[in-house]
Amino acid sequence: RNKKCFRLSFLSVSFPHVSLFSQMFLVALSFAYFAKALSGSYMKSTITQLERRFDIPSYLIGVIDGSFEIGNLLVIAFVSYFGAKLHRPKIIAVGCVLMSIGCEGDSNLSMWIYVLLGNILRGIGETPVQPLGISYIDDFATEENAALYVGCVQTISVVGPVFGYLLGSLCAKIYVDIGFVKMETITITPADARWVGAWWLGYLIAGVITLLSAIPFWFLPRSLPVSGPQSPEKCTAEQKSFIKDSPLLKHKYPADEHTSFIEMAKDFIPTLRTLLGHPVYLIYLCVTIIQLNSLIGMVTYKPKYIEQHFRQSASKANFLMGVINIPAVALGMFSGGLLMKRLKLNIMGAAKFAFGTSLIGYILSLFFFAMSCENAKIAGVTLSYNSTDTVSYDKHLLSTTCNSNCMCSVSDWDPVCGANGITYVSPCFAGCTSSAGSGKNTVFSNCSCVGVAGNLTATTGQCPHKDDCDRMFPYFLALSVITSFIISLGGTPGYMFLIRCIKPQLKSLALGFHALATRTLAGIPAPIYFGAIIDTTCLKWGQKRCGGIGACRIYNTTAYRIAYLGLTLSLRTLSFIMCIPGFVLLSRQLKEEERNAIHEALTNGGTELEALRKEEFAISNSTDSNTDRETRL
């Protein structure tokens, strides 16, 4: 017996590559999460650039953004189910390669439909990373370390958007046609509603990074042994049988090495039926779908909200998202995983923790309604030419006695700032008859609508009018950071609840179907209907060269705030109501599992006691036989 224990101890030090592969997979998966998060966040940072570049409304940008989820939808159920039975690291590697092709495919094409197709391909490639990667970690990690590992990976995935938004900020400062036009001739600045940054450059960079993330997965094994300390001083019942089945080489849920594709396909529908028959899983699925509708819609249009409501440039909005908001989320995700490990939260504890943090964040988010800015003063749009507030737009209101003889085009949007501090839709509508200078330094004169005694001039661009917003903006950022941190604290416990509330054999399918459902019912529709509702607050639409409505030039600030925040918080209110039956069902499930565990322990205890008695009886007979033999000798 001691020899076997010694051999087991010797075996444990003869396979140092086990720990190396575990660490290698954690690093590789973290980098893959970083790459996919970077490309995804960069896509969201370019929505206003794409709107202006292709002259399309917000709801159509929502279709482009949701096309990523369409790519996921096409393959995720099959990848999650069949991938769990095949070589998971190599499947993840193939997915990373496809993601890189999708990113780079966006760069060389000019029509928005090709941007959509590239985003679909990126979604297909991202599919195996999450369900197969997380299930692979949970297979080789001990239960107490699994939450920490998942928290680390998700933290890295939240760091990705930091660089994604910073990349978006950098590219937004660079003019879209850099190298093809003389910058001295450009009359607009990055703060102008017509400015289009070099959106295509970031997709090239993201594609290269994603391609590099695929390399390590080609060198990883199909599965790994369970990690954890093994004591050589005691031989357990499992260690006694190590010759035929060493516990150091035993996996939690080993992949089916010789299962045929047809056998796996036959088992798919019954397995899916079993999963969907789990009431707690279904409630959790409904809650997360509603929560993600709120989250995805809010995150997709948050940079646009900062631009339009607080009158910041796209570059600054992306920079603030990357430097201030996203790090708070990363810290919250990591802290949540660490707290779950320190507090040793069970399933019910994890559910209560996630619910509590989400509720606190919801209450704090209500204060965003009080952080408002006044509408920009634009003659004929937000106020009449006699400075009376109207907050409405009618193309007939743009023409008045001071510009009636100018024959101005109502489809133009070339704003100028009058000396009276009011913005006019174009120099023509300001009544200007002459100009001097060039580019950004152009000054218009003899502007009959400006109406300032002795000074009838106007300059290019909108008037700043940011005094009230400048005072309110720091409070908005501070509250945004606090709420993001608190809500993200429940991210890791909530995710671990998903893994632990179902049977281990259903883990990969549960993660995959969860991703499928959230992408189908949240990732695809949320950007579209959020964008459509935001479009209803537009006051002045641009016009395409060939006719038709283009991108929105100016929004009703108050209506935008109420629509954007109201929709976000209404969805979260609905999700809290759904949690009530969820807690009731979870409590019943845990009580039933506890009763079953006690019954099984009593049954197994009786069986083991009977086996022990038989073994003692056999040893006793063997001893008596040996004594008789010695007597005869």
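For the numbers below, each heavy atom of this structure counts, side chains included, while hydrogens, waters and symmetry mates do not.
- Contact of the S426 side chain with the F429 side chain is registered, since non-hydrogen atoms from C-beta on lie closer than 4.5 Å.
- Scanning both residues, A314 and Q49, for their nearest heavy atoms gives CB-NE2, 3.2 Å.
- The OH atom of Y301 lies 15.5 Å from the CD1 atom of I306; values are rounded to the nearest 0.5 Å.
- In this structure, Y564 and F530 have perpendicular ring planes: the angle between them is above 60°, well past the 30° mark.
- Residues S358 and Q291 bring a donor and an acceptor atom of their side chains to less than 3.5 Å of each other.
- At most 12 non-hydrogen atoms from other residues, nucleotides or ligands lie less than 6.0 angstrom from OH of Y475.
- C449 places a side-chain heavy atom less than 4.5 Å from the side chain of Y424.
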Test ring pair (Phe, Tyr, Trp, His ring centres under 6.0 Å) on Y362 and F576; report intermediate values, then the result. CA-CA 10 Å; Y362 168 83; F576 291 138; 5.3 Å; yes
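- Side-chain contact, N556 with T537: no donor N or O sits under 3.5 Å from an acceptor N or O.
- Considering all non-hydrogen atoms of both residues, L571 and Y529 come closest at CD1-OH, 3.6 Å.
- Shortest non-hydrogen contact noted between S58 and G531 is CB-O, 3.6 Å.
- Residues Y165 and L320 fail the side-chain proximity criterion, which asks for heavy atoms closer than 4.5 Å.
- Crowding of K302 atom NZ: a count of heavy atoms from other residues, nucleotides or ligands under 6.0 Å exceeding 12.
- Between I422 and I378, the closest side-chain pair of non-hydrogen atoms is not below 4.5 Å.
- Atom CZ of F163 is surrounded by 12 or fewer heavy atoms from other residues, nucleotides or ligands within 6.0 Å.
- Minimum heavy-atom separation, G523 to P527: O-CD, 3.2 Å.
- Of the possible donor and acceptor atoms, none in the side chain of N403 sits under 3.5 Å from a partner among the backbone N and O of C408.
- You'll find the side chain of F31 reaches within 4.5 Å of the side chain of I209, heavy atoms only.
- Residues L539 and R553 form no side-chain contact, since every pair of their non-hydrogen atoms from C-beta on lies 4.5 Å or further apart.
- Comment: K304 does not engage D535 in a salt bridge, judged by the lack of any side-chain N to carboxylate O separation of less than 4.0 angstrom.
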For D414 and V425, what are the C-alpha separation, side-chain angles and deciding distance, and is it a side-chain contact (heavy atoms from CB on, under 4.5 Å)? CA-CA 6 Å; D414 187 16; V425 172; over 6 Å; no
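- Heavy-atom contacts from other residues, nucleotides or ligands closer than 6.0 Å to OH of Y305 number more than 12.
- Taken to the nearest 0.5 Å, the CD1 atom of I554 stands 7.5 Å off from the SG atom of C552.
- The distance from atom CG of N119 to atom CG of D65, rounded to the nearest 0.5 Å, is 7.0 Å.
- The backbone N or O of L567 sits nowhere less than 3.5 Å from a side-chain atom of S570 that would complete a donor-acceptor pair.
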Between F485 and L489, does the side-chain contact (heavy atoms from CB on, under 4.5 Å) criterion hold? Intermediate values first, please. CA-CA 6 Å; F485 173 78; L489 275 174; 4.0 Å; yes
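- The closest side-chain heavy-atom distance from V129 to Y33 is below 4.5 Å.
- Remark: the backbone N or O of G361 is not paired with any side-chain donor or acceptor of T483 at under 3.5 angstrom.
- Side chain of S335 to backbone of G332: no donor-acceptor contact under 3.5 angstrom is found.
- Across all non-hydrogen atoms, the minimal contact from T210 to A206 is OG1-O, 2.8 Å.
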Under the ring pair (Phe, Tyr, Trp, His ring centres under 6.0 Å) rule, what do F473 and F310 come out as? Steps first, then yes or no, please. CA-CA 7 Å; F473 192 49; F310 295 100; 5.1 Å; yes
Let me see the working for T457 and S445 under side-chain hydrogen bond (donor to acceptor under 3.5 Å, both in side chains), right down to the final yes or no. CA-CA 4 Å; T457 61; S445 56; over 6 Å; no
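- Distance OG1/T536 to OH/Y560: 10.5 Å, rounded to 0.5 Å.
- Here E307 does not pair with K316 in a salt bridge; the nearest charged N to carboxylate O distance is not below 4.0 Å.
- Counted by atom type alone, T46 and Y203 present one or more donor-acceptor pairs between their side chains at under 3.5 Å.
- Of the possible donor and acceptor atoms, one in the side chain of S39 sits under 3.5 Å from a partner among the backbone N and O of A35.
- Counting only distance, with no hydrogens or angles, the side chain of S448 and the backbone of C402 share a donor-acceptor pair below 3.5 Å.
- Side-chain contact check for L364 versus L479: some heavy-atom pair is nearer than 4.5 Å.
- Counting heavy-atom neighbours within 6.0 Å of F367 CZ, excluding the residue itself, gives a total of 12 or less.
- Between V416 and T460 the shortest heavy-atom distance is CG1-CA, 4.3 Å.
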Begin from the C-alpha positions of R53 and W199 and carry the test side-chain contact (heavy atoms from CB on, under 4.5 Å) through to its verdict. CA-CA 9 Å; R53 172 65 180 85; W199 56 274; 3.6 Å; yes
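- When the shell of 6.0 Å around CZ of F334 is examined, it contains 12 or fewer heavy atoms from other residues, nucleotides or ligands.
- We find the OG1-CD1 distance between T557 and I562 to be 11.0 Å, quoted to the nearest 0.5 Å.
- Using modelled atom types, one finds no donor on one side chain facing an acceptor on the other under 3.5 Å when comparing Y555 with N375.
- Rounding to the nearest 0.5 Å places CD1 of I296 at 12.0 Å from OG1 of T568.
- Cation-pi geometry between K36 and F34 is not met at under 6.0 angstrom from the ring centre and within 45 degrees of the axis.
- At distances below 3.5 Å, at least one donor-acceptor pair connects side-chain atoms of R52 with backbone N or O atoms of W195.
- S67 contributes no side-chain N or O that, together with a main-chain N or O of I70, makes up a donor-acceptor pair within less than 3.5 Å.
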Run the side-chain contact (heavy atoms from CB on, under 4.5 Å) check on T520 and E69 step by step: do they pass? CA-CA 7 Å; T520 306; E69 314 297 349; over 6 Å; no
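- Although no hydrogens or angles enter the test, the distance criterion places a donor-acceptor pair under 3.5 Å between the side chain of N420 and the main chain of V450.
- The backbone N or O of A551 lies less than 3.5 Å from no partner atom in the side chain of E51, so there is not a single donor-acceptor pair.
- Side-chain contact check for S435 and T442: no donor-acceptor pair (N or O, by modelled atom type) lies under 3.5 Å.
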